[in-house]
Amino acid sequence: MKTLQRHRRRRVLLLQTTILPLLLICALSMAKERPSFELAKGINCLDKIVLRESRCRSAEVYLYGGHVTSWKNENGEELLFLSSKSIFKPPKPIRGGIPLCFPQFSNYGPVKSHGFARNRIWEVDTSPPPLPSNYSSNAFVDLILRPTEDDLKMWPNNFEFRMRVALGCEGELTLTSRIRNINSDGKPFSFTFAYHTYFSVSDISEVRVEGLETLDYLDKLKNRERFTEQDDAITFESETDKIYLSTPTKIAILDHEKKRTFVIRKEGLADAVVWNPWEKKSKKISDLGDEDYKYMLCVEAAAIERPITLKPGEEWTGRLELSAVPSSYSSGQLDPRKLLH
Ligand code: TA6
């Protein structure tokens, strides 16, 4: 009888110490984060992904360009600017939202302006390598871009560009890009990059950008001459096209009229571009309405001054997190010192 009891106790112990933990691990790994999104047809029947979070928060990403075109808050308000004249037809990039500039920002290099990633068809990545756990969220999708034959002719480098678009439980929108050099000829490659984000603002002349004061910038309107920002906040009264160098990882856009502040957090992206075409240039941009410049501002997390160089097998991560917080002078929340630290 005693032996039997001993056997039973041993079996129970075995169960507790080996099998149960194993089952737990399996259960946890099986419960690993599952992408939750809807595949839908968008404008011109282009495939798009819809991410939904609680309380009407949502985001939309077109497979064409891996392009986020919509980000809405808990009141269903659109936070990104999207041109009503954007034509949603390849090869023309979508005007507005968050175009991806890769492998080249602007015309600083051998390929076409802002590169080719924004006018390629991306795929849903069904087996992405895991991301660090602190990157997790409920609503997300993983996308992947690999070069086409045409791309390899234009830019002879083999790469994998993975991007996770995630909508967090506080409504924050996060884009995590991972670019890997998979050249088989041992060749390193270099690229520049930007998340060319178009923010929706109430009135450009009432908006201010904080976090870039005292920094050096290259002025694209003055042949990329280098200057130092003198103002303690950037405001807008004419065409602006500046590349701020080695900026802090946090920048704020204060929209007093909408009592809203956009907080931009970035990792792996040293620079920031600030662009508004203003009146005259807007008229020359076919897929932008003549008055649209009043309701948009581009503040772009970027890597431009020092291109990213990867040897075969190496991978770069560039992360953008956008949040929109209600703010007003009276609440003091519009005090950038509070927001940016
Ligand atoms: O990021 C600012 C900028 O480089 C401007 O010079 C302007 O050209 C803008 O991008 C839009 O470029 P796109 O090629 O989309 O018309």
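For ligands, and for the atoms within them, numbers begin at 1 and follow the listed sequence. Just so it is clear, the values below take in all heavy atoms, side chains as well, and ignore hydrogens, waters and symmetry mates.
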Test side-chain contact (heavy atoms from CB on, under 4.5 Å), reference Arg95, set Ser86, Ser84, Ser286, output is Ser86

Check: of Lys284, Lys242, His114, Lys281, min heavy-atom distance to atom 3 (C) of ligand 1 comes from His114

So the atoms of ligand 1 within less than 4.0 Å of a heavy atom of Phe105 turn out to be 1 (O), 4 (O)

Taking only Lys NZ, Arg NE, NH1 and NH2, and the carboxylate oxygens of Asp or Glu, determine whether Asp255 and Arg260 approach each other closer than 4.0 Å.
no

Would a hydrophobic clustering, with Ile, Leu, Val, Met, Phe, Trp and Tyr connected at side-chain separations under 4.5 Å, put Tyr62 with Leu322?
no

Ligand 1 atoms in contact with Val273 (distance to a heavy atom under 4.0 Å)
1 (O)

Heavy-atom protein contact below 4.0 Å for atom 8 (O) of ligand 1
no

Below the 3.5 angstrom mark, is there an N/O of Arg95, backbone or side chain, next to an N/O of ligand 1?
yes

Considering only NZ, NE, NH1 and NH2 on the basic side and carboxylate oxygens on the acidic side, decide whether Glu77 and Lys72 come within less than 4.0 Å.
no

Which heavy atom of Tyr64 sits nearest to which heavy atom of His67, and what is that distance?
O-CB, 3.4 Å

Please list, in number order, the atoms of ligand 1 under 4.0 Å from a heavy atom of Glu300.
1 (O), 2 (C)

Taking the basic N atoms (NZ, or NE/NH1/NH2) and the acidic carboxylate oxygens, is any pair closer than 4.0 Å for Glu305 and Arg226?
yes

Taking distance alone, with N or O pairs closer than 3.5 Å, would you say Asp241 contacts ligand 1?
yes

Show me which atoms of ligand 1 lie under 4.0 Å from any heavy atom of Lys220.
3 (C), 4 (O), 5 (C), 6 (O)

With respect to atom 14 (O) of ligand 1, which of His196, Arg118, Lys112 exhibits the smallest heavy-atom separation?
Arg118

Would you say CG of Asn223 has more than 12 non-hydrogen atoms from neighbouring residues, nucleotides or ligands within 6.0 angstrom?
no

